[in-house]
Amino acid sequence: MAEDYPDPPTDPPSLSAAALQAELDAGKSLRLLDVRDRDEYEQWRIRGESVTATQLPFTKFLQAKVTGEVDDIVGDVAGTGPITVVCGRGEASAFVAGLLTEHGIEAQNLSDGMEGWARLYEAREITCDAATVLQYRRPSSGCLGYMVVSDGSAAVVDPLRAFTDRYVTDAADHDASLTHAIDTHVHADHVSGVRRLAAETGAEPILSERAVARGVDDVTALAADETLRVGSATLEPRPLPGHTTGMTGFTVGDVLLAGDSVFLDSVARPDLEAGADGARDLARDLHRTLTERLATLPGETVVAPGHYSESTTPADDGTFTAALGTLRDRLPGFAMDREAFVEYACDDIPPRPANFERIIAINLGTETADDDTAFELELGPNNCAAAPSDAV
């Protein structure tokens, strides 16, 4: 709450989450000062190749104000140039940015802090020959979702519950009604919006038969050979198991909505459903997905994945997409033999997403959570890729 923090000595300039992301996208050098506690900072922070970040707790600046050592403590902030101060909700950081400004240091406050950063959700259109396809991007976690619009109908693929209102608004802006809410698999890193969209809009909630077999009983089970009509467009399911048993992508025209099967700089991790004991079997299935199931698609197919990492380079149009042929040349797995791939995928798996077991339970429908709890559970990086260097 704002009253928990002293008022800033002077009102500092502020920077919105959207403006910060625009600077990151432009490759602008950013000097960040994060005044949260160390454990919060280590768990989840703003990253990027152009970011220089320093963590110094808020209490140090309170002490520095009393002792007159503000100029000295600024010397501990790495980098040069203006300082953007970050905290959880933009309150403690407003005080620190104001304190720095009072001392003649160029500083600004990230308005709404990391909570505002987590609520940033952007959309860009992917070029598709069969429908209008929007790619949604949540920079704070690297989550990507999609809307397919055709002739007054719309389907959302991998919707996040925190942004259900956004999908409804965007469908209306495209003069379309939401007819389908689809998950490519049972997610472990965010709370699905499929049920909420179904309840609020009447859209049909859909998961693959194999995903439903994990115990989901309040969605439509889609067979592997059962297509979906969205206006005049066809969404064709593509079973792509390996990340999970039920992982299913969808092709619409020349675009593959790949879910968590293959990313632009890595492939999926195989341990979140079956644990370490079952990871090797799923890795073998993932190898078959890469070398056999995806082999039926032409190289010019546009791959639109379910996640991206901070090091992922977007396409020229700003979307996180790439030609399948490019990924075949770029990524391990497509040219590896099966057991070598299993070792690669299982040898150095990154930490699991925060709260993943409870998020899975919520997405299965065996547990519930209110909106505030769900939002808190999914804060942080997604960690859905196989290699630590490729995870957000």
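Side chains included, hydrogens not; waters and symmetry mates left out as well; all remaining heavy atoms used.
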For Ser14 and Asn109, which I'm curious about, is there any donor-acceptor pair between the side chains at under 3.5 Å?
no
Between Asp260 and Arg269 (salt bridge meaning N to carboxylate O under 4.0 Å), is one present in this structure?
no
Any chance the side chains of Arg124 and Gln135 put a donor and an acceptor closer than 3.5 Å?
no
Intermediate values then yes/no, side-chain hydrogen bond (donor to acceptor under 3.5 Å, both in side chains), Ser29 and Ser50
CA-CA 5 Å; Ser29 295; Ser50 62; 6.0 Å; no
Between the side chains of Gln43 and Asp39, does any donor sit under 3.5 Å from an acceptor?
no
Indicate yes or no: does Asp371 engage Arg161 in a salt bridge with an N to O separation below 4.0 Å.
yes
Is the closest side-chain donor-acceptor distance between Asp158 and His187 under 3.5 Å?
yes
Charged N-O contact under 4.0 Å between Lys60 and Glu69:
no
Considering only NZ, NE, NH1 and NH2 on the basic side and carboxylate oxygens on the acidic side, decide whether Glu339 and Arg284 come within less than 4.0 Å.
yes
Carboxylate-amine/guanidinium proximity below 4.0 Å for Glu42 and Arg36:
no
Glu236 versus Thr227, side-chain donor and acceptor atoms under 3.5 Å
no
So Arg352 and Asp271, salt bridge (charged side-chain N to carboxylate O under 4.0 Å, His left out) or not? Walk me through it.
CA-CA 9 Å; Arg352 294 179 177 185; Asp271 65 312; 3.3 Å; yes
Verify side-chain hydrogen bond (donor to acceptor under 3.5 Å, both in side chains) between Thr245 and Glu273, making sure each step is shown before the conclusion.
CA-CA 8 Å; Thr245 53; Glu273 178 181 338; 2.9 Å; yes
Would Arg338 and Asp285 pass as an ion pair if we require N to O under 4.0 Å?
no
Mind checking whether Tyr146 and Phe250 have ring centres under 6.0 Å apart?
no
Is a side-chain donor-acceptor pair under 3.5 Å present for Thr127 with Asp317?
no
Verify the neighbour count for atom CD of Glu106: are there more than 12 heavy atoms of other residues, nucleotides or ligands below 6.0 Å?
no
Would Arg166 pass as a cation-pi partner of Phe163, given that its NZ or CZ must be under 6.0 Å from the six-membered ring centre and within 45 degrees of the axis?
no
With ring centroids as reference points, do Phe263 and Phe320 lie under 6.0 angstrom apart?
no
Please test Asp170 against Tyr136 for side-chain hydrogen bond (donor to acceptor under 3.5 Å, both in side chains), starting from the C-alpha separation and ending with a verdict.
CA-CA 11 Å; Asp170 286 356; Tyr136 291 99; 2.7 Å; yes
Between Arg195 and Asp183, is there a side-chain N and carboxylate O pair less than 4.0 Å apart?
no
Glu40/Arg38 ion pair, N-O < 4.0 Å:
no
Mutual orientation of the aromatic rings belonging to His287 and Phe341 [parallel < 30°, tilted 30-60°, perpendicular > 60°]
tilted
Between Glu102 and Thr10: side-chain donor-acceptor atoms closer than 3.5 Å
no
